[in-house]
*Asks:* 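Shown below is the structure under consideration.
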Amino acid sequence: MVLDISVLKTFQVRIGERALKTVKASRISESSVRYVCGLDVSYSGKVGGVAAAAVFEVGSGKLVDVGLAVGEPAIEYVPGLLAFREAPLLYTAFMKLPEEVRNIVDVVLVDGHGIAHPRYSGIATHIGLALDMPALGVAKRKLYGKIVLEERPCSEFPCVVGWIEDRRNPSLLLGAVLSSGTGSKLYVSPGAYVDLKTAIGLVMRVTSRGHRLPLPIYYADRLSRSVARALDSGTLSIESVADYVQNTIAKQSRLFS
DNA sequence: GCGACAG
DNA sequence: ATCTTGTCGC
């Protein structure tokens, strides 16, 4: 089937309009968040994509549970349309979590942008609206917007070193640029049901020195990647992925040191 | 026309 | 995202 890019973009315009409204009134505050779910996808030559949903407890700093989904990505990668490729797999991974775990998740962190997107509908926006849950994006590279760097440098890490403003509406702040300390930057933007200020605070709260990515996303990244490679090498069969996950949680200290 | 372009 | 050797630095 041929994918009609213009149709998908039109759909995103509506998604984006909705998202901008939800982002004004945050459903959560930084202090009310106890559990954060990180979402990421890795690719394997044999089974396509492997998505992981890693639930992280802010208080203890520990991994609580993990959901996994394996399958072919919906479409090829097109800048701006990442959500149509990866969101279905991420959504499935989240739903693989036990219901009692899903219900305690306060906010979702997605590898990619939120409203810092040409149509204000990055993958974190799609996920947040689909799950009807606060979601924000954490990207390693810029996609859209004008980067305005802060005058004053900062010494504490992570910290805000700049902002992402909308080229078509400079008074609208779409996201923030954070620095992890080693000079590596991260782009944070609200996805849905959370404002920028809260999003920044949350990311800083779950990011530890030594790791560029917030821990929930870091865990999701490491797990999805290890599963993808294990499936490729034949070390793991697709039927025993569930057991592999449980085993992984048990010895997380060894895998995520 | 030219440059930008998440994962 | 993924493909990959050696190499710079703590």
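Order of the sequence lines sets the chain letters (A, B, ...), proteins ahead of strands, with each chain counted from 1. Computation of the quantities below employed the complete heavy-atom set of this structure, encompassing side-chain atoms and omitting hydrogens, waters and symmetry-equivalent molecules. Values in this document were obtained by computation on a predicted structure and should not be read as measured data.
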*Asks:* Starting at NE2 of H113(A) and ending at P of dA6(B), how long is that distance when rounded to a whole Å?
*Replies:* 7 Å
*Asks:* Relative to the ring of Y120(A), is the ring of Y144(A) parallel (under 30°), tilted (30 to 60°) or perpendicular (over 60°)?
*Replies:* perpendicular
*Asks:* Would you mind reading off the distance between K142(A) atom NZ and dG3(B) atom C1', rounded to a whole angstrom?
*Replies:* 11 Å
*Asks:* Of the candidate nucleotides dA1(C), dG7(B), dC5(B), which contains the atom at the shortest distance from the side chain of L143(A)?
*Replies:* dC5(B)
*Asks:* Could you tell me how far apart Y187(A) (OH) and dA4(B) (P) are, to the nearest whole angstrom?
*Replies:* 14 Å
*Asks:* Could you tell me which non-hydrogen atom of Q12(A) sits nearest to which non-hydrogen atom of H126(A), and how far apart they are?
*Replies:* NE2-NE2, 3.3 Å
*Asks:* How long is the line joining CG of L223(A) and P of dA1(C), in whole Å?
*Replies:* 15 Å
*Asks:* In whole Å, what is the span from the CD1 atom of I123(A) to the C1' atom of dC5(B)?
*Replies:* 16 Å
*Asks:* For L81(A), answer base if it contacts any base atom (sugar-phosphate contacts may also be present), sugar-phosphate if it contacts only those atoms, and nothing otherwise; contact means non-hydrogen atoms under 4.0 Å.
*Replies:* base
*Asks:* Any idea which heavy atoms bring A52(A) and S224(A) closest together, and the distance?
*Replies:* CB-CB, 3.8 Å
*Asks:* Below 4.0 angstrom from OP1 or OP2 of dG7(B), is there any side-chain N or O of R141(A)?
*Replies:* yes
*Asks:* Is the base of dA1(C) stacked against the aromatic ring of Y77(A), taking ring centres under 5.5 Å apart and planes under 30° as the test?
*Replies:* no
*Asks:* List the atom of R102(A), the atom of F94(A), and the distance in Å for their closest heavy-atom pair.
*Replies:* CD-O, 3.4 Å
*Asks:* Please give, in whole Å, the distance from dA6(B) P to L109(A) CG?
*Replies:* 20 Å
